[in-house]
Structure formats: C-alpha cells, structure tokens
Amino acid sequence: QKEVEQNSGPLSVPEGAIASLNCTYSDRGSQSFFWYRQYSGKSPELIMFIYSNGDKEDGRFTAQLNKASQYVSLLIRDSQPSDSATYLCAVFPSGYSTLTFGKGTMLLVSP
Amino acid sequence: DAMVIQNPRYQVTQFGKPVTLSCSQTLNHNVMYWYQQKSSQAPKLLFHYYDKDFNNEADTPDNFQSRRPNTSFCFLDIRSPGLGDAAMYLCATSRAPRLALQETQYFGPGTRLLVL
C-alpha cells in the first residue's frame, strides 16, 4: 500500500506570515513529488514539483524534500488571503505510473 | 490555449439512470485519467488510458466504464448511478507515464455529479 499522509488542517495563518505544509510518504523508492493547490469546488492546479533532496524555490513558494526522512514540505512566504485553499501532496511511488495523492491540507489565510 | 475540457460542469441524474461525462484535451497527451473526488478526500484514480491501452484500478466498481475513441476524447460512463456516486469527477492528462521525473498530470475543471 503506497500512502501519502497530510494533516487535514485547517492551518490558519495571518496575512504576511509563512505557511508551512507537510507531507510524509510510505514508499522509500518514490522519486517525484508534486504540490497541487485546489480551491473549493475547483480542480487541482500544479504549483510545484521536486525530485532532488533540498530546497526548490519558485516565487513565494519553496518545496523541501528529505528522502531519508520520507518528508516533503511546501512553504508559502508572505501568505495572502488568495492562498486560502487545500494543498494536495502527490507522489510517484517506485514502479508505479500513476500518482498517489494525499487528502490535502486546508490553508486559511486571514487578512 | 492548450487545455483539458470537461463537459458538463454540473450533471444531475436520477438514481439508476445512466450518465456519461466527457473529457477532451488539446495538449496531445498520450495518457488520460479519470478520478473521483469526494468532499475532503484525495482524488481517487478510477482508470487511465495510455493511448488505447486501458488500465483499470483494482477497486474501481464495474458500474464505472470508460471509452477513448481517439487521442483527444475520453468518456466516463456510470451505468447505474447510486447515491454514493455523487462526487466531483476529474479528468487529467499527461504526456506519458514517467517519461521524466517532472512529468505530471494536468487536470480539467471537473464535473460535479449529483444523484437524486
């Protein structure tokens, strides 16, 4: 069973703060990791991917990967109310050709 | 703009009445996926096509079928919808499975199905 675990939240942060979203995965051989943002009633939208240990930055978003700990995170700097959404972590387990999704963490950014 | 299109965006059907959901793509991607997503849950993969090759997930009920008549279109047929089938149905595409580490899936807007 290939599992991806996320805290369902909600994670509440004030506007301008750093939001930290976390994800753990069970398959040690997993190679690619993705963060999707999903607004209520909408479909998931890709915002970041990472496949090397360390940090990857894209604008206000930073993805962090630690394969030894089987842990991937997403940091959102200068959080805005428009960042309020559910963030889905998705993983390609080894030997699989389809993504495994976590249940997502709801982020609420208050003005 | 290249995109994934789903029709209709909202579908209301009656218990037991067959329904078909449509997905089309202009990305020329080889793979098309159908997911079911219920409130506060992860998207659940139902099946996917790699070109014409159909791949069914082991726990997808027989009530769900799919057709892919050409590269651009894929359909989800629910033969006898039950109340438990009310959900958002998401179509996604990708160029090919695992061509490269950054290859991933791109989603259409979804169809919300209501079963009365």
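In what follows, every heavy atom counts, from backbone to side chain, and hydrogens, waters and symmetry copies are set aside. All chains are named by letter (A, B, ...) in the order of the sequence lines, taking the proteins before the strands, and each is independently numbered beginning at 1.
Here the shortest heavy-atom pairing between B/F54 and B/N56 reads CE2-CB, 3.6 Å.
For A/E45, no part sits under 4.5 Å from any heavy atom of chain B, backbone or side chain. For A/L88, the part sitting under 4.5 Å from any heavy atom of chain B is the side chain, from C-beta outward, and nothing else. With a 4.5 angstrom heavy-atom cutoff, B/Q37 touches chain A only via side-chain atoms.
Relative to the six-membered ring of A/F49, A/K56 meets both conditions, a distance below 6.0 Å and an angle of at most 45° to the axis.
Ranking B/P43, B/A92, B/S39, B/S40 against chain A, the residue ahead of the rest is B/P43, based on heavy-atom pairs under 4.5 Å.
Side-chain contact check for A/M48 versus A/Y87: every heavy-atom pair is 4.5 Å or farther apart. Side-chain contact between B/Q36 and B/F64: present, with at least one pair of heavy atoms (C-beta onward) separated by less than 4.5 Å.
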